[in-house]
Amino acid sequence: MGGFWPVEDVLAYLGGTWRVERSVRDLASGAEGRFTGTTVFDPLEGAGLLHRESGTFVWQGVARPAERTLRFLPGDGPGRALVRFADGRPFHDLDLTSGHWVADHPCSADLYRGEFTVRDEHHWRSLWRVRGPAKDLVLTTDYTRRATAG
């Protein structure tokens, strides 16, 4: 994958529309799934970005529509953000000033560990490893910036 691409202003970097491709592997059962769709980061009133993801999730041969919404709020510097669920609950911090970040999110007895890497101005990846009594998953998501019209 090469080196990391430092991001000076994470909210400016993320703003816009991204093509999303996600693989989901259940390490316990061996089942695999795939999500393809779009993530749009639109400005929030006040400050921050509204992250809206929508697309199709195929799991064990069954395709379903899927979506989620997050809020990316300004952190304690331009390279940092506070990621919140749509209802405002904390999800994780994000610091891309080095182009790489690891964040943890405990969810009941499971632990989500996210690794974020920025390859360049048009490509970044998140890799979530989920471990616990209820889950044993790896979710790898590649984001590619979509060209703007004009």
Looking only at heavy atoms, what is the nearest atom pair of [X] and [Y], with distance?
X   : Y   : answer
G15 : L49 : N-CD1, 4.0 Å
L94 : L14 : CD2-CD1, 4.5 Å
P74 : A47 : CG-CB, 3.7 Å
F72 : V83 : CE2-CG2, 3.6 Å

>> Quick one: does any side-chain atom of H122 pair with a main-chain N or O of R145 as donor and acceptor, under 3.5 Å?
In response: no
> Do the side chain of S98 and the main chain of H100 share a donor and acceptor less than 3.5 angstrom apart?
Replying inline: yes
Measuring from atom [atom1] of [X] to atom [atom2] of [Y], what distance do you get when rounded to the nearest 0.5 angstrom?
X    : Y    : atom1 : atom2 : value
S23  : D142 : OG    : CG    : 8.0 Å
E32  : L27  : CD    : CG    : 9.5 Å
R22  : R34  : CZ    : CZ    : 10.5 Å
R25  : T140 : CZ    : OG1   : 6.5 Å
L11  : L73  : CG    : CG    : 8.5 Å
T117 : W101 : OG1   : CH2   : 14.5 Å

>> Can you see whether R146 engages T17 through a side-chain donor-acceptor pair at a distance of less than 3.5 angstrom?
In response: no
> Would D110 and S108 count as having a side-chain donor-acceptor pair, cut-off 3.5 Å?
Replying inline: no
Are [X] and [Y] an aromatic pair by the rule of ring centers under 6.0 Å?
X    : Y    : result
Y143 : W124 : yes
F85  : H51  : no
Y13  : W18  : yes

Between [X] and [Y] (salt bridge meaning N to carboxylate O under 4.0 Å), is one present in this structure?
X    : Y    : answer
D136 : R129 : yes
E115 : R113 : no
R52  : D42  : yes

Same hydrophobic cluster for [X] and [Y], using side-chain heavy-atom links shorter than 4.5 Å among ILVMFWY?
X   : Y   : result
V10 : L44 : no
L70 : F57 : yes
F41 : L50 : no

>> For residues 58-72, which residue pairs pass the side chain to side chain donor-acceptor pair (under 3.5 Å) check, not counting sequence neighbours?
In response: E53-R68
>> Taking atom CZ as the centre, does R84 end up with more than 12 heavy-atom neighbours from other residues, nucleotides or ligands that are less than 6.0 angstrom away?
In response: yes
Side-chain heavy-atom pair [X], [Y] within 4.5 angstrom cut-off:
X    : Y    : answer
Y112 : R131 : no
T97  : V7   : no
V118 : F4   : no
L111 : D104 : yes

> Which of these passes side chain to side chain contact (heavy atoms under 4.5 Å, CB included) with F35: V20, T141, L139?
Replying inline: V20
